[in-house]
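Only one structure is covered here, and it is reproduced in the block below.
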Amino acid sequence: QAQLVESGGGLVQPGGSLRLACVASGFTSDYYAIGWFRQTPGKEREAVSCISSHDGSTYYADSVKGRFTISRDNAKNTVYLQMNGLKPTDAGVYYCALDRNIPKFIRAVVAGIPMPIGSWGQGTQVTVSS
């Protein structure tokens, strides 16, 4: 089971930026997808973005495409989510997630299909408010 630790959340004004980071440890597989979900009160957890270890391909939900960028630093076992042009609707708890089923994670992001994910971080709060 992977251990995932997020950081970088906080309070930002609409239009502002934040960068989330997720440090991953405790797994040895070279084939996995790692990315981000978010959850707001009363709503289901939504897959936002993921990156494939297989070829580095990145995927985004339509709601964040063009504003968010996911990247990874393999040397640091860290994945980042650069969030620009933040809106109040982006607010919520952001969770880092990892799963060895890459197609499943991609479907969760691209098609918005809820799917069980293998490993979760503890979450980091993002607040977008003036």
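As the structure is a computational prediction, the values presented were derived from the model and not from experiment. Basis for what follows: all heavy atoms, side chains included, without hydrogens, waters or symmetry-related copies.
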Would you please test L86 and Q13 for side chain to side chain contact (heavy atoms under 4.5 Å, CB included) and show each step? CA-CA 8 Å; L86 282 162; Q13 292 185 344; over 6 Å; no
Checking V79 against I51 for the side chain to side chain contact (heavy atoms under 4.5 Å, CB included) test, could you report, in this order, the C-alpha distance in whole Å, the side-chain angles of both residues, the deciding distance, and whether it holds? CA-CA 9 Å; V79 63; I51 185 166; 4.0 Å; yes
Steps toward side chain to side chain contact (heavy atoms under 4.5 Å, CB included) verdict (F37, I117): CA-CA 10 Å; F37 282 67; I117 297 294; 3.6 Å; yes
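No more than 12 heavy atoms of other residues, nucleotides or ligands sit less than 6.0 Å from atom CG of D30.
Heavy-atom minimum distance, A47 versus A61: O-CB, 3.6 Å. For the residue pair F105 and G35, the shortest heavy atom distance occurs at CZ-N, 3.7 Å. Considering all non-hydrogen atoms of both residues, E44 and Q39 come closest at C-NE2, 4.3 Å. Between V126 and G9, the shortest heavy-atom distance links the atoms CG2-CA, 4.3 Å. Here the closest non-hydrogen pair linking R72 and D55 is NH2-C, 4.5 Å.
T40 contributes no side-chain N or O that, together with a main-chain N or O of G92, makes up a donor-acceptor pair within less than 3.5 Å. The backbone N or O of K87 sits nowhere less than 3.5 Å from a side-chain atom of T89 that would complete a donor-acceptor pair. Side chain of T127 to backbone of L11: no donor-acceptor contact under 3.5 angstrom is found.
In this structure, Q3 and S119 have side chains that are not in contact, with every pair of non-hydrogen atoms separated by 4.5 Å or more. In this structure, Y60 and V110 have side chains that are not in contact, with every pair of non-hydrogen atoms separated by 4.5 Å or more. Residues K104 and D99 have side chains in contact (heavy-atom distance under 4.5 Å, counting atoms from C-beta outward). Residues W36 and C96 meet the side-chain proximity criterion, which asks for heavy atoms closer than 4.5 Å. Between S49 and F68 the shortest side-chain heavy-atom distance does not fall below 4.5 Å. In this structure the side chain of I34 reaches within 4.5 angstrom of the side chain of L4, judged on heavy atoms. Annotation: side chain of R45 is in contact with side chain of Y95 (closest heavy-atom distance under 4.5 Å).
Both W120 and V109 are part of a single hydrophobic cluster, where members link through side-chain heavy atoms under 4.5 Å apart. Note on I102: it does not cluster hydrophobically with M115, by side-chain heavy-atom contacts below 4.5 Å among ILVMFWY residues. Note on Y59: it does not cluster hydrophobically with Y80, by side-chain heavy-atom contacts below 4.5 Å among ILVMFWY residues.
Rounding to the nearest 0.5 Å places OG of S53 at 10.0 Å from CZ of R100. One finds the OG atom of S52 at 9.0 Å from the OH atom of Y32 (value rounded to the nearest 0.5 Å). Residue L81 holds its CG atom at 10.5 Å from SG of C22, rounded to the nearest 0.5 Å.
Under the 4.0 Å criterion applied to side-chain N and carboxylate O atoms, K65 and D62 are assigned as salt-bridge partners.
When M83, R38, E6 are each tested for a side-chain contact (heavy atoms from CB on, under 4.5 Å) with L20, only one passes: M83.
Side-chain N/O atoms of S17 and N84 include a donor and acceptor closer than 3.5 Å.
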